[in-house]
Each structure stands twice: as structure tokens, then as C-alpha cells.
Amino acid sequence: NTSMGITSSSHAAGSAGPLWPYDPLLAHAFAAFTQASYCGPDQRLLNWTCEPCEAADMKVIPGSVRFVEHREIFQRNSTFMYLARLQPARKPTPRFRGGGCVVAIRGSETLTNWIRNLEVWARQLKFEWCEGCFVETGFVTILRNAWPVLIGNLTALGC
């Protein structure tokens, strides 16, 4: 039995298990959220009726979906993210009862996304809140550029 999940050397001193153990239902939902981000700013994503939205088997609070689009280098709306508040889960799992918020960031689709992907040669940056975790410079640049708008929307939703 393989245990997969996010681990951290700083959690529960002496604890050998993952911080967030792998949950296949939650992994499926996160994969569907990610796939939904490729729908872009579409009405079906706003009202949560796109195919990946329904496949997530989680519902969002009506009216809570927000789009964040951001210019990257020379390309308008290169970065696309959506965020929403989640309703309580219809089928709660021991690790997820629903509620909370989701942020999904579309993967590489534009020329400027791929240019940022090439920034792998730069040093990886550490997260202050996650000892032993790293992120590539290209991705963190995209995130930092859109951060003020993302945080403003999350705050407006009460996340």
C-alpha cells in the first residue's frame, strides 16, 4: 500500500506520515478543476456547467466564480486563473468535507506561457511556509505578477 501526499519535515515532529495523505477522490476533483481552467472565461465556467466542472463532483457557490486574466511579457490575457467558493461536499471524505475556496491556474497555452516555462535554468525559489518545497522561477513570476488581483478577488469572496 503506497501512501502518496504532500510531506513536510516541519510537521508534527517525529511524524513519518504525509502532511496531506493522498485521497483519490480529491485528486480527481483537483484534476477536473485544472481541466476546467482550459475552458477560459466562458459562461459555462461561470455557472459551473462545463464538462470538467461537472466531473469534479463538487459544486461552487452560485455567483462566486471569478476570472483573473493577466498580461505576461507582451501578450494580453496570457495568464488565466479562476477561483470560487466551494459548497459543502455531497459525499464528504475523511479528508475533505467541502467548503473553502479553489484557485485553478491554466497551464501553458500561449507563447508567453512557454517563454516563462523556459525559465527553469534560474534557481528555484523556496516557500517560506513550506520547508523543503520549491517552485520554478517562471511559474512564480507569473503568480507574483497576478498576485494583487488574485488576492483582491479571494478577499472579496471571503477566502
Side-chain angles (χ1 to χ4, degrees), residues 4-8 10-11 18-73 75-110 112-113 116-117 119 124-159:
M4 297 174 65
I6 299 171
T7 61
S8 170
S10 63
H11 92 281
L19 184 59
W20 293 300
Y22 177 74
D23 180 331
L25 296 175
L26 197 53
H28 173 77
F30 286 157
F33 288 144
T34 301
Q35 187 179 13
S37 70
Y38 284 89
C39 296
D42 184 285
Q43 183 64 35
R44 294 171 300 153
L45 187 54
L46 276 175
N47 60 26
W48 210 246
T49 58
C50 64
E51 189 177 330
C53 301
E54 292 174 354
D57 199 29
M58 291 187 191
K59 300 295 178 192
V60 300
I61 294 174
S64 73
V65 176
R66 301 286 189 278
F67 298 146
V68 174
E69 296 176 279
H70 195 270
R71 176 184 199 94
E72 227 17 85
I73 308 172
Q75 191 167 26
R76 188 173 172 260
N77 297 334
S78 174
T79 300
F80 177 75
M81 306 176 196
Y82 75 87
L83 50 134
R85 288 190 61 87
L86 296 173
Q87 292 181 356
R90 289 181 295 180
K91 299 180 225 168
T93 71
R95 293 180 184 83
F96 185 75
R97 289 176 174 64
C101 297
V102 63
V103 174
I105 304 170
R106 184 191 64 212
S108 300
E109 189 171 81
T110 68
T112 53
N113 295 152
R116 289 290 188 212
N117 284 347
E119 294 181 10
Q124 293 183 317
L125 304 175
K126 291 184 179 183
F127 285 112
E128 295 172 10
W129 49 268
C130 184
E131 186 179 328
C133 298
F134 298 87
V135 65
E136 290 179 350
T137 301
F139 178 78
V140 84
T141 299
I142 290 169
L143 188 58
R144 283 183 178 160
N145 289 343
W147 193 256
V149 176
L150 177 63
I151 293 302
N153 277 287
L154 286 168
T155 301
L157 285 177
C159 298

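One-based numbering along the sequence shown.
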Within the distance-only criterion (no hydrogens, no angle test), does the side chain of H70 pair as donor or acceptor with the backbone N or O of L143 below 3.5 angstrom?
no
Should we say atom CD of E54 is surrounded by more than 12 heavy atoms from elsewhere, each under 6.0 Å from it?
yes
What pair of heavy atoms forms the shortest contact from M81 to I105, and how long is it?
CG-CG1, 3.7 Å
Is the SG of C39 found under 2.5 Å away from the SG of C50?
no
Can you measure from CE (M58) to CZ (F30) and round to the nearest 0.5 angstrom?
6.5 Å
Check: L45 and C53 side chains under 4.5 Å, non-hydrogen atoms:
yes
Any heavy-atom pair between the side chains of L150 and V103 that's under 4.5 Å?
yes
Set of residues satisfying side-chain contact (heavy atoms from CB on, under 4.5 Å) with respect to R66, sequence neighbours excluded:
L83, N153, L157
For the side chain of Y38 and the backbone of G107, is there at least one donor-acceptor N/O pair under 3.5 Å apart?
yes
Are Q87 and P62 packed together at the side-chain level, in the sense that at least one heavy-atom pair is separated by less than 4.5 angstrom?
yes
Please list, chain by chain and in numerical order, all residues satisfying ring-ring contact (aromatic ring centres under 6.0 Å, His included) with F67, sequence neighbours excluded.
F80
So, for P52 and A32, which heavy atoms are closest and what is the spacing to 0.1 Å?
O-CB, 3.4 Å
Any side-chain heavy atom of F33 sitting closer than 4.5 Å to one from L86?
yes
Considering all heavy atoms, the nearest H28-A55 contact
NE2-O, 3.0 Å
